[in-house]
Amino acid sequence: DELRPVMAGICIKRKGGKVEYTASDGHRLIRITKADTECTLESSLLIPTETVNILRWITPRTGFVTIDYSEWNNNSDKTPVCHIEIDTVTELWFTPTEGKYPNYNAVILNKCDWKFKVQRMMLSKSLNRMDLFCPTTNTIRLQSYKDKVIMSAEDKDFGLQASETLPVEHETPTFHTSFGIRVRNMQNILSSIKAKEIYIQGSSKVGTPKTITSVSPTEGEEATIIF
C-alpha cells in the first residue's frame, strides 16, 4: 500500500535479549523471534521493500550478516543511514524508512481459545485437492471437532462440492470451531514453514472484529503467522 510506506518492508526490533522480525500486508502478519543474538539496547529499524529484495538475492544461506545503524549520517544533514556487511565481502548502504511501525503485538494472541496440531504436508496436499472445487472463491471452510477437522469447498457457479477429513490433536479443552481460509494464502504460509507439524490456533469469537487465526511451527524457530 503506497499510502502506508511504514508497512512496506520489514521491521527489526531488539528488546529483552531477543530480535523480532515482523512484516505485514494489512491482511497477514508474520513475526519471527530470534533469541540467539546478543543485544542489550532496545531499538527498532524499518528496512524498505527495495532493500529487502536486494538482500534476498545477495545474502548466502550460511555465514554472518552485520547490521550497523546510526540515527544520522556524518556526510549529510542528520539523515539516518544503515550499513549491512555480508561475510566481510559485500557491503550495502541504505536509508531506513522513517516512521513508527504499528503495534503488532496488539493482534497477536497471548491466550488462544482453541488450538490444534496437524501434519503440515498432509494439510498442504489436502488444500491442493480442495482448490479444484472452489475455482471462483478460492475459499474453503474448516470445522474443528474433538479429533478431526472437516474441510469443505463449494462452487455454485460450476456445481462443484467436496469435503475431506483430517486427523488433528487438540491442545485446549475447547475444540469446536469453524472458520474460512483462502487456499493460496494458506499454501504460501505452509511453504514458508519447514516443520513436520504445525499449530493452528485462534479466537472462538467467530464473526466479530476480534476473530484472529494464527499458524506456528511445532519445532524449530519461533515464528507466528497471523491471518
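For the numbers below, each heavy atom of this structure counts, side chains included, while hydrogens, waters and symmetry mates do not.
Annotation: side chain to side chain donor-acceptor pair (under 3.5 Å) contacts of Asp147 (sequence neighbours excluded): none. Taking Ile198 as the reference, Val118, Arg120, Leu123, Leu190, Ile193, Ile200, Val215 meet the side chain to side chain contact (heavy atoms under 4.5 Å, CB included) condition, with sequence neighbours excluded. Shown here are the ring pair (Phe, Tyr, Trp, His ring centres under 6.0 Å) partners of Tyr145, two or more places apart in sequence or in another chain: His176. Under the side chain to side chain contact (heavy atoms under 4.5 Å, CB included) criterion, Thr224 pairs with Arg31, Ser214, Ile226, not counting sequence neighbours. Gln119 pairs by the side chain to side chain donor-acceptor pair (under 3.5 Å) definition with nothing, not counting sequence neighbours. Not a single salt bridge (Lys or Arg N to Asp or Glu O under 4.0 Å) links Arg184 to another residue, sequence neighbours left out. In terms of the side chain to side chain donor-acceptor pair (under 3.5 Å) criterion, residue partners of Ser124 (sequence neighbours excluded) are, by chain and number, Gln187. Residues passing the side chain to side chain contact (heavy atoms under 4.5 Å, CB included) test with Pro48 are Glu50, Thr51, Phe94, Thr97, sequence neighbours excluded.
The shortest distance between side-chain heavy atoms of Pro135 and Asn138 does not fall below 4.5 Å. When side chains are defined from C-beta on, Ile181 counts as touching Leu127, because their heavy atoms get closer than 4.5 Å. Using a 4.5 Å cut-off on side-chain heavy atoms (C-beta onward), Cys11 and Leu45 make no contact. Using a 4.5 Å cut-off on side-chain heavy atoms (C-beta onward), Leu29 and Ile225 make no contact. Side-chain contact between Ser44 and Tyr101: absent, with no pair of heavy atoms (C-beta onward) separated by less than 4.5 Å. Residues Leu92 and Leu55 have side chains in contact (heavy-atom distance under 4.5 Å, counting atoms from C-beta outward).
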message: Between Ser144 and Phe116, is the side-chain contact (heavy atoms from CB on, under 4.5 Å) condition met? List the steps.
response: CA-CA 9 Å; Ser144 173; Phe116 61 84; 4.0 Å; yes
- request: I would like to know whether Ile12 and Val19 meet side-chain contact (heavy atoms from CB on, under 4.5 Å); could you show each step before the answer?
  value: CA-CA 7 Å; Ile12 302 179; Val19 178; 3.8 Å; yes
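Taking NZ of Lys13 as the reference point, atom CG of Leu46 lies at 11.0 Å (rounded to 0.5 Å). Of the inter-residue distances, the one linking Thr66 atom OG1 with Glu91 atom CD reads 10.0 Å to the nearest 0.5 angstrom. Within the model, atoms CD1 of Ile32 and OH of Tyr21 stand 9.0 Å from one another, a figure rounded to the nearest 0.5 Å. Atom-to-atom distance recorded for Thr49:OG1 and Met7:CE is 11.0 Å, nearest 0.5 angstrom. Atom CD of Gln201 sits about 12.5 Å away from atom NE2 of His170, to the nearest 0.5 Å.
Under the 4.5 Å side-chain heavy-atom criterion for grouping Ile, Leu, Val, Met, Phe, Trp and Tyr, Ile150 is not connected to Leu166 through any hydrophobic cluster. If you chain together hydrophobic residues whose side chains sit under 4.5 Å apart, Met186 and Tyr199 never meet in one group.
Hydrophobic cluster membership of Leu160, counting Ile, Leu, Val, Met, Phe, Trp and Tyr whose side-chain heavy atoms lie under 4.5 Å apart directly or via other members: Leu132, Phe133, Phe158. As a member of the Ile/Leu/Val/Met/Phe/Trp/Tyr network built from side-chain separations under 4.5 Å, Met121 groups with nothing else and remains a singleton.
For residues 155-183, the pairs satisfying salt bridge (Lys or Arg N to Asp or Glu O under 4.0 Å) are Lys117-Glu169, Arg129-Glu164, with sequence neighbours left out.
In this structure, Trp57 and Asn53 approach most closely via the heavy-atom pair CD1-O, 3.0 Å. When all heavy atoms are compared, the tightest approach of Cys82 to Pro96 is N-CD, 4.2 Å. Residue Ile140 comes nearest to Met151 through the heavy atom pair CD1-CE, 3.3 Å, listed as atom of the first residue, atom of the second, then distance. Residue Ala23 comes nearest to Gly9 through the heavy atom pair CB-O, 3.8 Å, listed as atom of the first residue, atom of the second, then distance.
Within the 3.5 Å criterion, the main-chain N or O of Lys115 finds a donor-acceptor partner in the side chain of Thr172. Under the 3.5 Å distance criterion, the side-chain polar atoms of Ser191 are matched with a main-chain donor or acceptor of Asn188. Not one N or O on the side chain of Ser126 forms a donor-acceptor pair closer than 3.5 Å with the backbone of Met122.
For the 3.5 Å distance criterion, the side chains of Arg141 and Ser178 qualify, holding a donor opposite an acceptor.
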